[in-house]
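Reviewing the structure listed below.
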Amino acid sequence: MNQHARLAEKPLPFIDVAAQRRRLGGTIDDAVARVLAHCQFIQGPEVRALEAELAAFCGARHAIACASGTDALLLVLMAWQIGPGDAVICPAFTFCATAEVVALLGATPVMADVSPETFNLDPRSCERAVATAKRLGLEPRAIIPVDLFGLPADHDAINAIAAAHGLLVLDDAAQAFGTTYKGRKLGALTSATATSFFPAKPLGCYGDGGAVFTDDDEVAARIKSLRVHGEGVDKYDTVRIGITGRLDTIQAAILIEKLKIFPEEIVARNAAAARYSAALADVAIVPRAGHQATSVWAQYTLRLKPGRRDGLAAVLKAQGIPTAIYYAKPLHRQAAYRGFPVVDGGLPASEQLADEVISLPMHAYLDPPVQDRIIEAVRRALAG
Ligand SMILES: *Cc1c(COP(=O)(O)O)cnc(C)c1O
């Protein structure tokens with residue numbers, strides 16, 4: 001095999017966490033060493049510093065760091081005292097954690113459909129799901145729109161539905177920290193916003209982590225208590241039932257360093273997405289941010305004609321190019337969620353997307369020659 005052929009077949013990463021690690025180099029080691037020196041591993045000074053920086057970054061009054069994106073969602077619903085008899089509307093085309101937190105609290109997730117163009121909660125289906133919940137004798141309390149793949153949901157439309165029905169809105173921005181909607185960053189657009197710092201998310205740490213954003217002082221105070229077992233004046237005064245939901249100081253120290261390069265990474269992700277879209281728009285349906293929005297491109301997801309996806313994935317895999325299907329099974333088809341109610345009228349768009357979507361490698365370190373190799377392979381595979 002000659003040098004060129006070997007290069008062409010070198011397996012590519014789906015998300016190049018190692019390239020970012022090389023760029024950050026000693027800054028991360030130094031940040032971790034500082035924590036190892038001061039030994040305040042729980043709620044150390046880096047946690048408060050990170051919270052201040054996260055809040056400033058997205059323009060929210062409060063940022064509350066927590067142990068994962070799932071805990072971020074859970075803590076908000078706990079602070080809102082969502083429980084049995086309550087309905088929470090969520091999209092069916094999402095990662096399971098969106099509905100999991102609702103079910104964990106004994107409330108009922110009511111699954112609404114998405115718009116095939118944005119992959120996100122369809123406002124008309126959301127409105128219908130509120131009626132479905134009432135018909136079932138449940139009390140609608142909240143909506144959890146998701147900003148899937150980094151693309152923002154139609155927040156103005158969803159906020160208007162929430163206002164009309166007296167509902168709270170918890171934005172699941174686990175994949176979309178840094179995304180803008182009509183010129184504003186996600187974080188201060190809804191009653192509360194949750195994000196995740198899982199390593200594969202656009203802003204990831206080196207383990208699990210997440211954060212809640214809200215402008216509501218009372219809710220912020222309750223969440224800070226809930227993440228430490230419902231503490232009152234101190235850890236041994238317990239005023240409510242909570243969880244161990246804190247972010248580790250070491251992860252906060254790592255995130256402070258990563259946040260410094262995040263704006264540049266968002267630019268690089270957008271450049272990579274624009275290159276994909278320019279080169280592939282004639283062979284597949286390419287994603288668009290819409291709603292006067294930008295994306296952080298947690299995923300770059302194509303839609304293909306039914307029946308084309310498995311062939312494409314196999315051809316790319318043989319050339320060392322990984323792909324992923326987010327999500328092959330919408331929530332209502334997952335064993336754990338089959339028993340929960342579905343919006344009247346059903347979930348045709350979620351089912352259609354589950355058959356059409358395929359995500360290509362996407363990260364901030366996708367160099368043009370590597371990306372060209374992916375683009376050429378996709379074009380050749382779809383030409384036949
Ligand atoms: C990743 C993700 C979560 C959960 O985040 P964790 O940090 O893994 O707990 C929730 N919702 C969506 C849409 C996600 O993609």
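Counting starts at 1 for both ligands and their atoms, following the listed order.
- Of the options Ala72, Ala173, Ala174, Gly150, the smallest heavy-atom separation from atom 3 (C) of ligand 1 is shown by Ala174.
- Checked against the 6.0 Å centroid threshold, Phe177 and Phe57 count as a close aromatic pair.
- For Thr98 (side chain) and Thr94 (main-chain N/O), no donor-acceptor pair under 3.5 Å exists by modelled atom type.
- Side-chain atoms of Thr238 do not come within 3.5 Å of backbone N or O of Glu231 as any donor-acceptor pair.
- Residue, atom and distance of the protein heavy atom nearest to atom 14 (C) of ligand 1 are Lys201 NZ, 3.0 Å.
- With ligand atoms numbered from 1 in the order given, ligand 1 contributes 13 (C) to contacts under 4.0 Å with heavy atoms of Val146.
- Using a cut-off of 4.0 Å between Lys/Arg side-chain N and Asp/Glu carboxylate O, Arg333 and Glu351 are scored as salt-bridged.
- The shortest N or O to N or O distance between Gly69 and ligand 1 is below 3.5 Å.
- Close contacts between ligand 1 and Gln175 involve ligand atoms 13 (C), 14 (C), 15 (O) [criterion: under 4.0 Å to a heavy atom].
- Residues passing the side-chain contact (heavy atoms from CB on, under 4.5 Å) test with Ala65 are Val47, Glu51, Arg227, Leu247, sequence neighbours excluded.
- Only the side chain of Thr94 comes within contact range of ligand 1, with a heavy atom under 4.0 Å; no backbone atom does.
- For atom 9 (O) of ligand 1, the closest non-hydrogen atom on the protein side is Thr70 OG1, 2.5 Å.
- Counting protein heavy atoms only, atom 11 (N) of ligand 1 is closest to Asp172 OD2, 2.8 Å.
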**OP:** Take Arg23 and Glu264, measure what side chain to side chain contact (heavy atoms under 4.5 Å, CB included) needs, and give me the verdict at the end.
**Re:** CA-CA 12 Å; Arg23 172 180 175 183; Glu264 277 172 46; 2.6 Å; yes
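- Of all atoms in ligand 1, listed by their number and element, those nearer than 4.0 Å to a heavy atom of Ser196 are 5 (O), 6 (P), 7 (O).
- His62 and Asp215 form no side-chain donor-acceptor contact under 3.5 Å, judged by distance and modelled atom types alone.
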